Trainee: 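Got a structure for you, questions after.
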Amino acid sequence: MVEDNNPKHIGIIMDGNRRFAKKLMMQPWKGHEWGKKKVEKLLNWCEDLDIKELSLYAFSTKNFNRPKEEFNHIMNLFRDASKDLLNDERLESKQIRIRFCGRIHMFPEDIQKSMHEIMDKTKKHNKYLINFCMAYGGREEIIDAMRAYFKDIEDGNATIKDIDESNFHKYLWVENEPELIIRTSGERRTSDFLTWQGAYSEFFFLDKHWPEFEKEDLKKCIDEYKARDRRFGK
Ligand code: FPP
């Protein structure tokens, strides 16, 4: 039985892939491979725990500055992940919509093409929503939203008075606010993830690295979230 105060939307900063690989004396990209496998499992856990929306910080705009060899491995991993997603029958059977949120034009063209294909294929799915935040940065998201708004003004489709706190989200890549945000791997900062949407989110910082994250950890965060008193300044 799922209770009413179950969170609808969870954000996750999937940190610690390289540190996990290092601990096992493996190359950094091995950590990313395990990280990808963990994402695949996460999708099933969310169904079991009745989480309708997930926002996953998979690659920031700053991550484009990773060492060349690691960067190439990550891009190949994204290519594999795109193929897997295109062939994943769960997207249709469970009505999962996928969105790639960020400056996705920064990715190599073939990856961009797959991203658009996946978004197109799932755009009418209406039970679950997964936002892969890629080439993402919260400040960039706000700047791009402002640009889109100014463009609407320029085109005569909006006026300066039209925007406020309640409707700014329609210009953002990720529209909905997550009730909680989890960060793995011991760092206690937000690293520009969901900068606008996370203003009132409950944060959970776990010491485990992302590849070590288990369903029990997710369940514990959700249970603790339910026990927290959210006052929104009142
Ligand atoms: C975070 O750990 C990982 C990344 C920045 C890179 C890529 C993410 C994945 C492969 C997860 C799976 C994604 C998809 C879309 C299937 P880190 O490299 O910052 O680790 P560190 O903090 O130990 O250095």
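Values reported hereafter were calculated over all heavy atoms of this structure, with side chains retained and with hydrogens, waters and symmetry mates removed. Predicted model, so just to flag it, every value in this text is computed and none were measured. Every number for a ligand or one of its atoms is a count from 1 in the order of the listing.
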Trainee: Nearest protein heavy atom to atom 24 (O) of ligand 1, by residue and atom, and its distance?
Mentor: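 In this structure, atom 24 (O) of ligand 1 has Arg18 NE, 2.8 Å as its nearest protein heavy atom.
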Trainee: Hey, is Glu53 close enough to Lys8 for a salt bridge, meaning N to O under 4.0 Å?
Mentor: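 The answer is no: the pair does not qualify as a salt bridge.
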Trainee: Among protein heavy atoms, which lies nearest atom 21 (P) of ligand 1, and at what distance?
Mentor: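 The closest heavy atom on the protein side is Arg19 NE, 3.6 Å.
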Trainee: Mind checking whether Tyr57 and Tyr136 have ring centres under 6.0 Å apart?
Mentor: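 So the answer is yes for these two rings.
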Trainee: For ligand 1, which atoms sit closer than 4.0 Å to a heavy atom of Leu77?
Mentor: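 So the atoms of ligand 1 that pass are 10 (C).
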Trainee: Counting only heavy atoms not in Arg188, do more than 12 sit closer than 6.0 Å to its CZ atom?
Mentor: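 Enclosed.
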Trainee: Atom 1 (C) of ligand 1: which protein heavy atom is closest, and how many Å away?
Mentor: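 Protein heavy atom with the smallest distance to atom 1 (C) of ligand 1: Met14 O, 3.1 Å.
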Trainee: Less than 6.0 Å separating the ring centroids of Phe59 and Phe64?
Mentor: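 So the answer is yes for these two rings.
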Trainee: For Tyr200, does the OH atom sit with more than 12 other heavy atoms under 6.0 Å from it, leaving out its own atoms?
Mentor: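 Result for OH/Tyr200: open.
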Trainee: Does ligand 1 have any atom that is closer than 4.0 Å to a heavy atom of Ser185?
Mentor: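 It does not; every heavy atom stays at 4.0 Å or beyond.
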Trainee: Taking distance alone, with N or O pairs closer than 3.5 Å, would you say Trp210 contacts ligand 1?
Mentor: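 The answer is no, given that Trp210 and ligand 1 share no N or O pair closer than 3.5 Å.
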Trainee: Nearest to atom 18 (O) of ligand 1 by heavy atom, Lys23, Lys38, Arg66: which?
Mentor: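 The nearest heavy atom belongs to Arg66.
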Trainee: Check each atom of ligand 1 against the heavy atoms of Phe78 and keep those under 4.0 Å away; list them by number with element.
Mentor: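 Result: 15 (C).
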Trainee: Indicate, with yes or no, if Phe71 and Ile104 share a hydrophobic cluster defined by side-chain heavy-atom contacts under 4.5 Å among Ile, Leu, Val, Met, Phe, Trp and Tyr.
Mentor: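 Yes; Phe71 is reachable from Ile104 via cluster members.
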Trainee: Taking a cutoff of less than 4.0 Å between a non-hydrogen atom of the residue and any ligand atom, is Tyr57 in contact with ligand 1?
Mentor: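 The answer is no, since Tyr57 has no heavy atom less than 4.0 Å from ligand 1.
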Trainee: May I ask you to identify the nearest protein heavy atom to atom 3 (C) of ligand 1, giving residue, atom name and distance to one decimal place in Å?
Mentor: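 Here the nearest protein heavy atom works out to Asn17 ND2, 3.3 Å.
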Trainee: Can Trp29 be reached from Ile111 by stepping across I, L, V, M, F, W or Y side chains whose heavy atoms are under 4.5 Å apart?
Mentor: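 Looking at the clustering, Trp29 is in a separate group from Ile111.
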Trainee: Please list the nearest protein heavy atom to atom 16 (C) of ligand 1 with its residue and the distance rounded to 0.1 Å.
Mentor: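 Going by distance alone, atom 16 (C) of ligand 1 is nearest to Lys36 CG, 3.9 Å.
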Trainee: Which residue and atom name correspond to the protein heavy atom nearest atom 8 (C) of ligand 1, and how close is it?
Mentor: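 Among all protein heavy atoms, the one nearest atom 8 (C) of ligand 1 is Ala58 O, 3.3 Å.
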Trainee: Does Glu47 come within less than 4.0 Å of Lys94, counting only side-chain N to carboxylate O?
Mentor: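 Salt bridge between Glu47 and Lys94, a charged N being under 4.0 Å from a carboxylate O: yes.
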Trainee: Under 6.0 Å between ring centres: does that hold for Trp34 and Phe20?
Mentor: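 When the ring centroids of Trp34 and Phe20 are compared, they turn out to be within the sub-6.0 Å range.
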Trainee: Going by distance only, is there an N or O of Asn63 that falls short of 3.5 Å from an N or O of ligand 1?
Mentor: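 No, since none of the N or O atoms of Asn63 sits under 3.5 Å from an N or O of ligand 1.
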